[in-house]
Amino acid sequence: TAYEITYGDWSSDVCSSDLLGPLAAFPRGAGPGDALHRMLEQIDYPSLAAGDLEDATTVVTRELDRAGLATDLAGAVVTALQQLVQTPLGGELGSLRLADLEPNGWLNEMAFDLPLATAREWLVRSSGLAEVFRRHDGGRFGQAYGSQLQGLNVASRGFLTGSIDLVFRCGERWWVADWKSNWLGERDRQGDVLRCGPNDYSAEAMDALMATNHYPLQAHLYLVALHRYLRWRLPGYTPERHLGGYAYVFLRGAPGPLAEFSQAESGQLDLRLTQPSPDADVPGIFLERPPLQRLLALEALFAGRQEEGQR
């Protein structure tokens, strides 16, 4: 049956039953999550959004088999991925979708090596991280999150090695995106899924999920790594002009194309696909451009140049 997801001033018609998104019953855990990551690394976003399902189905089926998952999940996964690439990212990125990225405007799985406290007498500690967030308040995670960081057991030096799921350009700014397969919803006593879809991935729910898993710290590390990469590779780079923010994409909550409903003068319901307002959140998409001075302070902390670190 068709149902309507309402989120603030935005709605989306989704074909489902009992408010289940296409990934509601997709297996949970690291293995299935890695399989989704590999799929997103290989598919062509514009082609999938335009309805070319053949290549995506081949990729999805291959990766399901590689992960030891049932290949009859392929239909639901392709539907979910098509819905994802048609979802506007909202917030500062407005109506931009993954399907709209320019051919040379994105990079999958960007590897990085981030030096941390390479001086022998220097350590990056949780107290230093917490102080940076407390001192440079603002955005969605500031002083309060800094206090939460204080409780971590961090005392590191050397190199932090990792990869960023997606680096992409919007205008002159470069952003990072991270795919998350976290499950939010409701099950009955037998464990059957009753609800898992865009309505479960509200701004409040994602905010709690982000903080609990320390995804904000991860996102800031990614942005520091991106800042260093752009400074090295982009001629004329300045962070004020070229550095964007982060989009954490909760794959089970992406709603697909959003629509604005209004009452026309004739009394008929007018449905228009239109651009989200700059401050509008989109279900399943957690987007922020954090304060630049916080990112620069973190970079200085990692290099051992500022008092926020501890000797």
Side-chain angles (χ1 to χ4, degrees), residues 16 18-45 48 53-85 87 98 106-113 152 160-168 176-198 200-201 205-206 208-219 221-222 225 246-256 283-286:
S16 182
D18 300 326
L19 301 182
L20 299 180
L23 290 180
F26 188 78
R28 301 161 67 175
D34 288 344
L36 291 172
H37 277 70
R38 291 193 299 270
M39 295 169 195
L40 284 160
E41 185 180 355
Q42 298 174 64
I43 64 172
D44 183 83
Y45 307 144
L48 180 57
L53 306 184
E54 183 176 354
D55 288 345
T57 300
T58 299
V59 169
V60 167
T61 303
R62 180 174 63 242
E63 293 302 334
L64 288 172
D65 184 64
R66 176 181 172 184
L69 299 171
T71 55
D72 60 7
L73 293 168
V77 174
V78 171
T79 297
L81 296 181
Q82 186 177 38
Q83 199 163 289
L84 168 66
V85 300
T87 298
L98 295 176
W106 87 79
L107 175 65
N108 292 109
E109 297 296 329
M110 191 193 89
F112 66 87
D113 292 302
L152 291 179
L160 176 66
T161 300
S163 63
I164 301 171
D165 290 342
L166 180 70
V167 172
F168 66 95
V176 301
D178 197 74
W179 318 124
K180 296 299 184 187
S181 58
N182 306 62
W183 193 94
L184 294 176
E186 182 183 0
R187 296 177 180 270
D188 62 18
R189 293 182 178 180
Q190 287 72 44
D192 296 324
V193 179
L194 298 176
R195 193 187 73 244
C196 175
D200 297 293
Y201 292 82
M206 292 187 294
L209 197 57
M210 293 283 293
T212 299
N213 291 281
H214 283 294
Y215 293 154
L217 177 59
Q218 180 188 51
L221 294 175
Y222 287 166
Y246 62 87
Y248 269 51
V249 181
F250 293 91
L251 303 173
R252 300 179 197 262
I285 310 294
F286 193 97

Next item on the list: Before accepting this row, confirm whether a basic side-chain N of the pair Glu63/Arg66 lies closer than 4.0 Å to the acidic partner's carboxylate O.
Entry: yes
Check: Once you round to the nearest 0.5 Å, how far does CG of Asp34 lie from CD of Glu41?
Finding: 11.0 Å
Margin query: Distance check, rounded to the nearest 0.5 Å: Leu53 atom CG versus Leu81 atom CG?
Written below: 10.5 Å
Checklist line | Considering all heavy atoms, the nearest Thr87-Pro255 contact | finding: CG2-CD, 3.6 Å
Notebook entry, point to check: Applying the side chain to side chain contact (heavy atoms under 4.5 Å, CB included) test to Val176, which of Leu221, Ile164, Asp165 qualifies?
Noted result: Ile164
Margin query: Could you go through Gln218 and Tyr248, starting from their C-alpha distance and side-chain angles, then the distance that decides it, and tell me whether this counts as side chain to side chain contact (heavy atoms under 4.5 Å, CB included)?
Written below: CA-CA 11 Å; Gln218 180 188 51; Tyr248 269 51; 2.7 Å; yes
Note to self: Using every non-hydrogen atom in the two residues, find where Asn182 and Leu209 come nearest and quote the distance to one decimal.
What the structure shows: CB-CD2, 3.7 Å
Checklist line | Residue among Pro22, Pro27, Pro32 satisfying side chain to side chain contact (heavy atoms under 4.5 Å, CB included) with Leu73 | finding: Pro27
Notebook entry, point to check: Has the side chain of Asp200 got a donor or acceptor atom that lies under 3.5 Å from a matching backbone atom of Gly197?
Noted result: yes
Next item on the list: Quick one: closest heavy-atom pair of Tyr201 and Gly253, and the distance?
Entry: CD1-CA, 3.5 Å
Note to self: To check you understand the geometry: which heavy-atom pair defines the closest contact between Leu48 and Ala56, and what is its length?
What the structure shows: CD1-CB, 3.8 Å
Margin query: On a heavy-atom basis, which atom in Glu109 and which in Ser163 lie closest, and how many Å separate them?
Written below: OE1-OG, 3.0 Å
Next item on the list: Determine, stepwise, if the pair Arg38 / Val59 fulfils side chain to side chain contact (heavy atoms under 4.5 Å, CB included).
Entry: CA-CA 9 Å; Arg38 291 193 299 270; Val59 169; over 6 Å; no
Note to self: Under the side chain to side chain contact (heavy atoms under 4.5 Å, CB included) test against Leu40, which residue among Val85, Val249, Leu251, Asn108 passes?
What the structure shows: Leu251
Next item on the list: Would you mind reporting whether Leu64 and Met39 have side-chain heavy atoms less than 4.5 Å apart?
Entry: yes
Next item on the list: Give me the ring orientation class for Trp179 and Tyr45: parallel if the planes are under 30° apart, tilted from 30 to 60°, perpendicular past 60°.
Entry: perpendicular
Check: Is the backbone of Tyr215 close enough, under 3.5 Å, to the side chain of Asn213 for a donor and an acceptor to pair up by distance?
Finding: no
Note to self: Any heavy-atom pair between the side chains of Leu36 and Val77 that's under 4.5 Å?
What the structure shows: yes
Check: How are the rings of Phe112 and Tyr222 set relative to one another: parallel (under 30°), tilted (30 to 60°) or perpendicular (over 60°)?
Finding: perpendicular
Next item on the list: Report the C-alpha distance between Phe250 and Leu184 in whole Å, list the side-chain angles of each, state the deciding distance to 0.1 Å, and finish with yes or no for side chain to side chain contact (heavy atoms under 4.5 Å, CB included).
Entry: CA-CA 10 Å; Phe250 293 91; Leu184 294 176; over 6 Å; no
Checklist line | Derivation of the side chain to side chain contact (heavy atoms under 4.5 Å, CB included) call for Ile43 and Asp55 | finding: CA-CA 7 Å; Ile43 64 172; Asp55 288 345; over 6 Å; no
Next item on the list: Identify the heavy atoms of Phe26 and Arg252 that sit nearest to each other, and give their distance.
Entry: O-NH1, 2.9 Å
Note to self: Rounded to the nearest 0.5 Å, what separates atom CG in Leu217 from atom CE in Met210?
What the structure shows: 10.5 Å
Note to self: Just so I know, are the side chains of Leu166 and Leu98 near enough to count as touching, which here means a heavy-atom distance under 4.5 Å?
What the structure shows: yes
Notebook entry, point to check: Once you round to the nearest 0.5 Å, how far does CG of Leu84 lie from CD1 of Ile285?
Noted result: 6.5 Å
Check: To the nearest 0.5 Å, how far apart are NE2 in His37 and OG in Ser181?
Finding: 7.0 Å
